[in-house]
Amino acid sequence: MAPGTTADGDTRRVAGRVQVVREVGENAFLPIRDGTGQVQLHLRAPHMGEASFREALAVIDGGDIVGAEGVPERTRRGEPSLLVSSVSILAKALLPPPEKWHGLKDPEARLRQRYVDLFTSPETYQTFLARSVIVRELRRYLDDRGFYEVETPVLGRVASGAAARPFLTHYNYLDEDYKLRISLELPLKRLIVGGFDGVYEIGKVFRNEDLDSTHIPEFTEVELYWAYADYEDVARLIEGLFHHLAGVAGRFLPEETGRAILTDLTPPFGRIDFIEALERESGLTHVLDRTPDELRALAREAGARIGPETPPGTCLDKLFAHFVEAKLDQPTFVLDHPVATTPLAHRHRSKPGRVERFELYYHGTELVNAYSELNDPDDQEARFREQLREPVEEAYAYDSDFVEAMRYGMPPTGGLGFGIDRLVMALLGAASIKDVVLFPPTRARAAENSRPPNGPAPE
RNA sequence: GGGCCUGUAGCUCAGUCGGUAGAGCAGGCGGCUCUUAACCGCAAGGUCCAGGGUUCGAAUCCCUGCAGGCCCGCCA
């Protein structure tokens, strides 16, 4: 449509939030925006009548949600607009929106009032839209390959499947102290015993730990278990999945960035052996033959905080983190960890002292953890008991019912787990996990409570 | 947990040497015959994060606390 022209006939109805009101004599221009985009309303006194024109401008402010009816036109300056015949307020904004040019800058306010950040900052909105679409595509990819999505309990007597401090709660009806889950692993493996040959869950897990740019106590995990598969099958599944999701993320990124990520995540990913990589980068030798005391001394030298009782597995993890992790910029599977680091994985079929496990690293951070699952109940019980001997708070909790389930026979199984938050960070290039979590936790503001203004104080 | 930094109007920010609070935007009123952060004029708007201290006098200096950010250590 040429500038200064109006379409014939067809009336359109639109709605959205008023971004700003520009009043110029007998014309007024009000860009409005909704989830699908932005359009400019053109109010014109001679067109809609002087009285309605004045009335509309008297009541409409920036931030209001309005509905309007009119015909498409292109203004003399070329802006696609709706030449409005009638407009009404659908919802009045009683609080003013942030400054129209600078937006909401205060990082604290952007977290505490994410809803304001969302309608003010298109980048923020795009990030969370992208996250939603990535999760949708993740589901579709797994569903298309025959995996079934399930939901397992968040509350339980035992929080196991990982090494972390749980959140505690109380179950009134049962009058028992319960814990919030720290992992999805053990219930899902019970489903493998039960005959679900391919299951996954996408759900929140809760670890009562610190918050920083890559950790958040309540985060969303994906875990998947695949009967009659091993960790090599799982690695290929991850390669295909992540390549697909990189393509999805690219729709929300600048073209060049999107292409770069898609190229990075094109299979096959790199593969390195845990011990070989550690020994190569650190210059250490015979790492697997060291005594616990020697490992503690080495980890301490590498700058880790190591107590006299720190388990050898932890020391090996620290050494690896110190010498190797940051160097793994391109997607790389780190394979075959020492048994001591991994209580739930199957022993390696040919490498003694190792398990069939991989972690996927990208841009120096761990994205995925996967194994050929341990399915020998006696070995599982022994390794749980080994963990019980660890005098640290963050040990794998003993789950006797899980061992019993395994005694009924669990097929050889490949499994994987990853945090959606970190994957989204990696795909979208976010610097902080708070940038990809809608409502990250914040401390209570002074004198702030769940009490309404002037209402009664909470008990 | 350690270090550094930030907190002033609804929002974005100034505030000098310690002398008693400023701008722009938003909102109000008036003007403007197609604007793009529209523009012009007028008026209004403050628990200077909180508490304490120093001082004749504190947004400003000192102490304590609260909230947030960044870096480091730790859990994915």
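In what follows, chains are A, B, ... by sequence order, proteins preceding strands, each numbered from 1.
For B:rU20 and B:rA59, the C1' atoms lie 10 Å apart once the distance is rounded to whole Å. Between the P atoms of B:rA14 and B:rG30, the separation comes to 35 Å (whole Å). When the P atom is used for both B:rG2 and B:rU55, the distance is 32 Å, rounded to whole Å. Taking atom C1' on both nucleotides, B:rG69 is separated from B:rA23 by 26 Å, rounded to a whole Å. Nucleotides B:rA44 and B:rC29 have their P atoms positioned 16 Å apart, rounded to a whole Å. To the nearest whole angstrom, the two C1' atoms, one in B:rC25 and one in B:rC39, are 14 Å apart. For B:rG68 and B:rC63, the P atoms lie 23 Å apart once the distance is rounded to whole Å. B:rC32 and B:rG41 are spaced 11 Å apart, taking the C1' atom of each and rounding to whole Å.
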| task | Starting at the 5' end of nucleotides 1-6 of chain B, put B wherever the base has a protein heavy atom under 4.0 Å, S where only the sugar-phosphate does, and a dash everywhere else. | result | ------
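Among the protein residues, A:G419 comes within range of no part of the nucleic acid, since none of its heavy atoms lies under 4.0 Å from any strand. Residue contacts shown for A:L111 are limited to sugar-phosphate atoms, with no base heavy atom under 4.0 Å away. Base engagement by A:Q40 is indicated by at least one non-hydrogen atom pair under 4.0 Å involving a base atom. Contact annotation for A:G63: no contact, since no heavy-atom pair falls under 4.0 Å across all strands.
Of the listed residues (A:F358, A:Y231, A:F274), just one forms a ring pair (Phe, Tyr, Trp, His ring centres under 6.0 Å) with A:H337, and that residue is A:F274.
Evaluation of the salt bridge (charged side-chain N to carboxylate O under 4.0 Å, His left out) rule for A:K105 yields no partner, not counting sequence neighbours. Applying the side chain to side chain contact (heavy atoms under 4.5 Å, CB included) rule to A:E79 yields the partners A:Q40, A:T75, A:S81; only residues at least two apart in sequence or on another chain are considered. Scored by the side chain to side chain contact (heavy atoms under 4.5 Å, CB included) test, A:P268 finds A:E239, A:R271 as partners (sequence neighbours excluded). Checked against salt bridge (charged side-chain N to carboxylate O under 4.0 Å, His left out), A:R139 has the following partners two or more places apart in sequence or in another chain: A:E149. For A:F119, there are no ring pair (Phe, Tyr, Trp, His ring centres under 6.0 Å) partners at least two apart in sequence or on another chain. For the salt bridge (charged side-chain N to carboxylate O under 4.0 Å, His left out) test, no residue two or more places apart in sequence or in another chain qualifies with A:D106. The salt bridge (charged side-chain N to carboxylate O under 4.0 Å, His left out) check on A:E137 picks up A:R140, with sequence neighbours excluded.
Identified under the ring pair (Phe, Tyr, Trp, His ring centres under 6.0 Å) test for residues 89-114 of chain A, with sequence neighbours left out: none. Sorted by first and then second residue, the salt bridge (charged side-chain N to carboxylate O under 4.0 Å, His left out) pairs involving residues 39-66 of chain A (not counting sequence neighbours) are A:E23-A:R54, A:E26-A:R44, A:E50-A:R54, A:D61-A:K92, A:D64-A:K92.
Listed in residue order, the members of residues 74-83 of chain A having a heavy atom less than 4.0 Å from RNA chain B are A:T75, A:R76, A:R77, A:E79.
Atom CG in A:L211 sits about 17 Å away from atom P in B:rG73, given to the nearest Å. Atom NZ of A:K92 is separated from atom C1' of B:rA26 by 12 Å (rounded to the nearest Å). For A:L30 and B:rU35, the CG to C1' distance is 10 Å, given to the nearest whole Å. For A:I60 and B:rG27, the CD1 to C1' distance is 15 Å, given to the nearest whole Å. Regarding A:L41, its CG atom lies at a distance of 14 Å from the C1' atom of B:rU36, rounded to whole Å. If you take CG of A:D435 and P of B:rG69, they are 10 Å apart, rounded to a whole angstrom. For the pair A:F320 CZ and B:rC74 P, the computed distance is 16 Å after rounding to whole Å. Between the CG atom of A:L94 and the P atom of B:rA26 there is a distance of 19 Å, given to the nearest Å.
Pairing for B:rA67 goes to B:rU6, judged as Watson-Crick or G-U wobble with the two contacts each under 3.5 Å. Base pairing annotation: B:rA14 forms no Watson-Crick or G-U wobble pair, as no partner gives both donor-acceptor distances under 3.5 Å. Taking a pair to require two hydrogen-bonding distances under 3.5 Å in either a Watson-Crick or a G-U wobble arrangement, B:rA21 remains unpaired. Across all strands shown, B:rC61 forms a Watson-Crick or G-U wobble pair, both distances under 3.5 Å, with B:rG53.
Residue A:D106 places no side-chain atom within donor-acceptor reach of the base of B:rC11, judged by atom type and a 3.5 Å distance cut-off alone.
Of the two residues near RNA chain B, A:P441 and A:D212, the one whose nearest nucleotide lies more 5' is A:P441. Annotation: of the two residues near RNA chain B, A:A109 and A:D61, the 5′-most nearest-nucleotide partner is A:A109.
Side-chain contact annotation: A:H215 with A:E209, donor-acceptor N/O pair under 3.5 Å absent.
Separating the CH2 atom in A:W226 from the CD atom in A:E373 is a distance of 13.0 Å, to the nearest 0.5 Å. Here A:I275 contributes atom CD1 and A:L335 contributes atom CG; the two are 12.0 Å apart, rounded to the nearest 0.5 Å.
In terms of phosphate contacts, A:R443 brings a side-chain nitrogen or oxygen within less than 4.0 Å of OP1 or OP2 of B:rG68.
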Produce the list of close N/O pairs, under 3.5 Å, pairing protein atoms with atoms of nucleotides 37-43 of chain B; give distances to one decimal.
from, atom 1, to, atom 2, distance (Å)
B:rA38, OP1, A:K100, NZ, 2.3
B:rA38, OP2, A:R22, NH1, 2.3
B:rA38, N7, A:E23, O, 3.3
B:rA38, N6, A:E23, O, 2.8

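Crowding of A:E151 atom CD: a count of heavy atoms from other residues, nucleotides or ligands under 6.0 Å not exceeding 12.
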